[in-house]
Amino acid sequence: EGRSLYTGAQHRLDAFYPALLAIAIGLGLYLLAPASPNWLKYTLAAFALPGTLFDYLENNRVAAMLAAAPEAVDAEMVAAASRATVLKSMFTSLAMFILLALAMAWCWRRWRTGKP
């Protein structure tokens, strides 16, 4: 039952979610980054990409395990999927932490200057 759920609706959602998350985080990073220099805005926005790439890698590895016969799934396949999950989590957390820090700095600047 779990296998059919993942290979159906969940797998289709996983085709879009990582990219949409990267767009949301990257746009937030770009918009909240200091106004200049411009290269800094693009660099900060790029922090959203590694998590997305590892998310797609994780999805591919999980799909490969689900497509394989149960006896064909070995420890290395599981470890490879797990590594992709850990890297996805680390990079996405880093991007979200930077986004949170930039949002807090933006709120602080607004509060200090008295702008609504």
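Computed from a prediction, not measured in an experiment: that's the story for all the values here.
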Visitor: Mind checking the CG-CD1 spacing from Leu49 to Ile25? Nearest 0.5 Å is all I need.
Guide: 10.5 Å
Visitor: Which atom names give the shortest non-hydrogen contact between His11 and Ala63, and what distance separates them?
Guide: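 For His11 and Ala63, the tightest heavy-atom pair comes out as CE1-CB, 3.9 Å.
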Visitor: Which other residues belong to the hydrophobic cluster containing Tyr56, where Ile, Leu, Val, Met, Phe, Trp and Tyr are joined when side-chain heavy atoms lie under 4.5 Å apart, directly or via other members?
Guide: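 Joined to Tyr56, directly or through intermediates: none.
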Visitor: My understanding is that a hydrophobic cluster links ILVMFWY residues whose side chain heavy atoms are under 4.5 Å apart, including indirect links. Using that, what else belongs to the cluster containing Leu20?
Guide: Phe16
Visitor: With the 4.5 Å side-chain cut-off for hydrophobic clustering, are Leu21 and Leu32 part of the same group?
Guide: yes
Visitor: Linking Ile, Leu, Val, Met, Phe, Trp and Tyr through side-chain heavy atoms less than 4.5 Å apart, which residues share a cluster with Met104?
Guide: Leu100
Visitor: Please name all residues satisfying side-chain contact (heavy atoms from CB on, under 4.5 Å) with Trp108, sequence neighbours left out, ordered by chain then number.
Guide: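 side-chain contact (heavy atoms from CB on, under 4.5 Å) check on Trp108 returns Trp111, Arg112.
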Visitor: Can Leu53 and Leu57 be said to form a side chain to side chain contact (heavy atoms under 4.5 Å, CB included), step by step?
Guide: CA-CA 6 Å; Leu53 297 175; Leu57 181 61; over 6 Å; no
Visitor: Considering only distance and modelled atom types, tabulate donor-acceptor pairs under 3.5 Å from the side chains of residues 38-45, sequence neighbours left out.
Guide:
| residue | atom | partner | partner atom | Å |
| --- | --- | --- | --- | --- |
| Lys41 | NZ | Tyr30 | O | 2.8 |
| Lys41 | NZ | Ala33 | O | 3.4 |
| Thr43 | OG1 | Trp39 | O | 2.8 |

Visitor: Taking all atoms of both residues into account, what is the closest heavy-atom pair of Leu29 and Ala48, and its distance?
Guide: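 That closest heavy-atom pairing would be CD1-N, 4.4 Å.
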Visitor: For residues 67-78, pull every pair meeting salt bridge (charged side-chain N to carboxylate O under 4.0 Å, His left out), keeping only residues two or more places apart or in separate chains.
Guide: Glu76-Arg83
Visitor: Could you pull out every donor-acceptor pair under 3.5 Å between side chains of residues 91-99 and any protein atom, sequence neighbours left out?
Guide:
| residue | atom | partner | partner atom | Å |
| --- | --- | --- | --- | --- |
| Thr92 | OG1 | Lys88 | O | 2.9 |
| Ser93 | OG | Ser89 | O | 2.7 |

Visitor: Taking all atoms of both residues into account, what is the closest heavy-atom pair of Asp55 and Pro18, and its distance?
Guide: OD2-CG, 3.4 Å
Visitor: Taking only residues two or more places apart in sequence, or in another chain, which ones meet Asp14 in a side-chain contact (heavy atoms from CB on, under 4.5 Å)?
Guide: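 Once residues adjacent in sequence are excluded, the partners of Asp14 under the side-chain contact (heavy atoms from CB on, under 4.5 Å) criterion are Tyr6, Gln10, Asn59.
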Visitor: Minimum heavy-atom separation for Ala81 and Met65, please, with both atom names.
Guide: CB-CE, 3.7 Å
